[in-house]
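This report concerns only the one structure given below.
Throughout, protein chains are lettered first and strands after them, A, B, ... in sequence-line order, and every chain is numbered starting at 1.
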There are 4 protein chains.
Amino acid sequence: MRDAAHLREDKEGAIFEAALKVITEKGFHRARMSDIARKAGISYGLVYHYYSNKEDLFDAVLNRWWDHLFAILKDVSRGVEDVTSKLRGIIFYFLNTYQDKFELVSIFITEISRSTANLTPRRLERFKSFIALTESVIKEGQDNGVLRNDLKARYLTTIFLGALETFISTMVIANQRIKSNAQKERIADSILEVFINGAKNV
Amino acid sequence: MRDAAHLREDKEGAIFEAALKVITEKGFHRARMSDIARKAGISYGLVYHYYSNKEDLFDAVLNRWWDHLFAILKDVSRGVEDVTSKLRGIIFYFLNTYQDKFELVSIFITEISRSTANLTPRRLERFKSFIALTESVIKEGQDNGVLRNDLKARYLTTIFLGALETFISTMVIANQRIKSNAQKERIADSILEVFINGAKNV
Amino acid sequence: MRDAAHLREDKEGAIFEAALKVITEKGFHRARMSDIARKAGISYGLVYHYYSNKEDLFDAVLNRWWDHLFAILKDVSRGVEDVTSKLRGIIFYFLNTYQDKFELVSIFITEISRSTANLTPRRLERFKSFIALTESVIKEGQDNGVLRNDLKARYLTTIFLGALETFISTMVIANQRIKSNAQKERIADSILEVFINGAKNV
Amino acid sequence: MRDAAHLREDKEGAIFEAALKVITEKGFHRARMSDIARKAGISYGLVYHYYSNKEDLFDAVLNRWWDHLFAILKDVSRGVEDVTSKLRGIIFYFLNTYQDKFELVSIFITEISRSTANLTPRRLERFKSFIALTESVIKEGQDNGVLRNDLKARYLTTIFLGALETFISTMVIANQRIKSNAQKERIADSILEVFINGAKNV
DNA sequence: TATGAATGAGGGTTCATTCAT
DNA sequence: AATGAATGAACCCTCATTCAT
């Protein structure tokens with residue numbers, strides 16, 4: 001059944017998807033609202049019917065990323081698995097999203113993770129929360145005696161996230177896609193093994 | 001003696017330094033030629049006397065970074081030290097530059113390392129060379145039996161550079177400076193220990 | 001009985017009232033059709049069912065003002081009272097309307113009486129008629145020997161209307177309301193006394 | 001001698017004059033920056049070289065009006081002449097400006113005196129000052145016993161300014177020009193005689 | 001009647017770049 | 001070498017109006 005609400009979602013979704021693509025291709029700054037409208041197959045003004053301005057559309061994109069990520073993080077941090085499994089959960093969110101909607105990952109890394117240009121206070125807040133939650137997982141590992149205690153939790157967190165992000169980043173720049181679950185496992189294992197081995201308590 | 005050539009360097013240098021600061025503060029896109037001229041204390045028409053356009057000025061900045069980095073990498077890759085020392089050499093280039101000219105590091109990470117928006121083919125080329133050279137160091141470590149062989153050299157390289165970049169990146173975003181050589185050693189050790197432990201052949 | 005025609009008047013009236021308020025608050029140019037629809041509590045597409053466009057709606061507002069004013073002027077100019085009473089009749093139309101529907105007065109003064117921006121030929125026509133009718137009252141006073149003859153009727157008219165309009169205008173800008181009939185009498189007397197004294201034949 | 005400073009004034013002056021004309025013709029809201037640039041015979045962007053935005057250009061126009069008016073008012077209120085002469089001074093500022101730069105008068109009446117749409121707090125301030133200064137002249141006349149005391153000074157002021165403004169306003173709308181000094185004297189006399197006669201102490 | 005999605009023509013503003021002096 | 005006036009192509013956003021439902 002295609003009712004009005006359904007139609008609304010169609011257009012709004014089309015704009016959202018178009019924004020993903022255009023921002024990924026050109027970066028937020030170079031992405032023009034007219035590009036997005038054209039790619040969505042709608043008129044210029046309609047974008048403003050669904051999103052109040054460019055920043056708002058950008059935030060909608062970022063929220064899609066953050067909302068899912070925090071949902072995962074919530075599960076992960078509440079879970080009873082060991083550190084390795086929890087970190088694997090984080091890694092898999094990145095890799096799964098990269099498979100399903102690589103634009104989200106690309107935009108996160110390009111526009112937020114390393115760029116101060118677009119950092120509004122609200123955006124910075126979420127970014128910091130993300131790091132803090134990851135750090136709490138690492139800290140738990142240290143407290144359990146699984147991870148070494150002679151390095152600050154924040155340092156280990158940085159190293160872990162850095163390795164993860166750069167992996168994705170390299171794939172983004174090289175325009176590589178994840179072709180198989182096996183490849184995904186291999187990447188996750190590489191990151192985890194190096195990190196856990198290097199960071200484990202001995 | 002202050003001759004014409006000397007003066008030329010003065011102005012050119014002033015523009016260069018101003019560009020570093022403005023691009024670091026606002027990002028390449030938001031940096032206006034007029035901002036740079038004002039910061040350099042000259043009229044903005046004069047910028048075009050020394051640099052043919054904004055991209056050209058940007059490339060001059062990037063080249064400063066790359067030229068020094070490749071000089072280091074050349075020394076490192078030709079050297080006879082063990083892998084750890086070589087990787088330490090790379091880390092120290094980042095940290096030293098961060099101390100002396102943190103804008104160069106900031107711009108590299110913000111505008112190049114994670115951003116596709118500014119990636120011209122030429123720029124991508126240098127970036128790939130950098131990764132390839134680092135990878136050759138890692139590969140050498142694998143061949144020497146120091147680093148584990150069950151993970152692709154490219155993977156290990158990515159993890160290493162990711163940890164390094166993210167460390168710097170975190171400091172850039174938090175606007176932290178390196179206060180002492182001791183701190184620099186500590187950071188280098190953290191990165192290296194985790195990486196080498198995780199990546200070492202056992 | 002609430003039949004279709006009745007409903008039509010309800011909505012049309014609501015739009016009309018909403019237009020009055022919004023145009024008064026923001027001015028014609030800044031008043032958006034969507035503002036008016038929202039204030040009327042209907043969808044903005046519906047406005048176009050009752051009024052063919054923004055100008056048409058504006059004209060409806062102006063006509064409400066003019067139609068009543070000309071009805072009064074007709075009575076006044078046909079009447080047998082002296083000039084003072086007739087002029088008092090005009091003043092009271094302004095003041096009464098200001099009490100009942102101050103938006104009409106406000107819009108007249110703000111958008112028509114002093115503004116050339118919105119003056120279409122048709123609107124200018126009605127404005128000129130108004131001045132001409134007022135002038136005929138003044139002329140009658142001159143012919144009767146009540147008002148001085150050494151000044152052109154047009155001049156006296158201008159002075160009279162100017163004093164009147166500015167009084168209202170000041171109240172509009174200061175957002176003052178007429179609180180009592182006594183106050184209304186006082187204002188009318190002030191204007192009339194000064195004008196009649198100044199303009200009376202001696 | 002036509003030096004750089006002179007040239008600058010040429011263009012800035014041309015923009016100012018063009019703004020006067022376009023705003024007078026179309027009203028501030030309908031006046032486009034591109035209209036002004038075209039009328040000034042310069043490129044679009046150059047307007048922004050001299051004025052930071054449309055509001056700024058508008059304020060420049062208004063300031064030209066206010067600065068001269070307040071200079072006159074200062075002289076007038078400090079002078080030792082009788083009320084009639086002082087009020088004549090105010091009337092003559094309006095009429096003289098109407099002769100020399102009728103656009104200034106037109107814009108003042110159309111966009112400021114009767115319009116709330118463009119009233120920023122700063123602009124309202126100047127407007128109120130103008131009224132207050134005029135009122136002080138009227139008050140002085142009351143204190144001297146020349147003007148009647150049974151009406152509030154504010155009422156008399158309103159009547160005086162209303163008559164004056166409407167006179168000008170009528171000429172603006174009818175697109176009339178003042179053809180001779182004799183005509184100017186006649187207008188001033190009409191306003192003054194009616195007002196002073198009506199307002200004089202008897 | 002009634003809704004609100006959809007359209008697109010402006011209009012203000014920015015800023016890299018050119019060029020006369 | 002040096003200035004900053006001058007140009008004009010973008011680009012974001014608004015909003016009157018149309019139209020499918």
May I ask you to evaluate whether [X] reaches the phosphate of [N], defined as a side-chain N or O under 4.0 Å from OP1 or OP2?
| X | N | value |
| --- | --- | --- |
| K54(D) | dG11(E) | no |
| Y50(D) | dA5(F) | no |
| H49(B) | dA1(F) | yes |
| Y48(A) | dC13(F) | yes |
| K11(D) | dA5(F) | no |

Over all heavy atoms of both residues, which pair between V47(D) and L57(D) is shortest? Give the atoms and the distance, please.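 For V47(D) and L57(D), the tightest heavy-atom pair comes out as CG1-CD2, 4.3 Å.
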Which residues in residues 34-42 of chain C have at least one heavy atom lying under 4.0 Å from any atom of DNA chain E?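 The stretch gives I42(C) as the residues lying under 4.0 Å from the strand, ordered by number.
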Check the distance between [N]'s [atom2] and [X]'s [atom1] and give it to me in whole angstrom.
| X | N | atom1 | atom2 | result |
| --- | --- | --- | --- | --- |
| R32(C) | dC13(F) | CZ | P | 15 Å |
| F28(A) | dC12(F) | CZ | C1' | 11 Å |
| K26(B) | dT14(E) | NZ | P | 12 Å |
| M33(C) | dT18(F) | CE | C1' | 12 Å |
| N53(D) | dC15(E) | CG | P | 14 Å |
| Y44(A) | dA10(F) | OH | C1' | 11 Å |

Nearest of dT1(E), dA5(F), dA5(E) to any side-chain atom of L46(D)?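 From the listed options, dA5(F) comes nearest.
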Consider the side chain of S43(C), meaning its heavy atoms from C-beta on, and name the nucleotide among dA2(E), dA6(E), dC12(F) that approaches it most closely.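 Nearest listed nucleotide: dA2(E).
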Atom P, compared across dT21(F) and dT1(E): separation rounded to whole Å: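 It works out to 22 Å between them.
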F28(A) ring centre to K54(A) NZ or CZ under 6.0 Å, with the angle to the axis within 45°?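 Because its charged atom sits under 6.0 Å from the ring centre and within 45° of the axis, K54(A) does stack over F28(A).
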So, does S106(B) use its side chain to make a donor-acceptor pair with the main chain of F102(B) at under 3.5 Å?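 It does not hold such a pair.
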On DNA chain E, does the nearest nucleotide to A31(B) precede the nearest nucleotide to E55(D) from the 5' side, or the other way round? Give the residue.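 Nearer the 5' end of the strand: E55(D).
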Pick the closest DNA chain E nucleotide for V47(C) and for R30(B) by heavy atoms, then say which residue is nearer the 5' end.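 In this pair, the answer is V47(C).
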In plain terms, say whether [X] and [Y] are close enough for a salt bridge, that is, a side-chain N and a carboxylate O under 4.0 Å apart.
| X | Y | answer |
| --- | --- | --- |
| R64(B) | E103(B) | no |
| R123(C) | E55(C) | yes |
| R126(D) | D59(D) | no |

So F108(A) and F127(A), would you call those rings parallel, tilted or perpendicular, with 30° and 60° as cut-offs?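 Judged by the thresholds at 30° and 60°, the geometry between F108(A) and F127(A) is tilted.
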Which base sits across from dT21(E) as a Watson-Crick or G-U pair, both distances under 3.5 Å?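 When the pairing criteria are applied, dA2(F) turns out to be the nucleotide that pairs with dT21(E).
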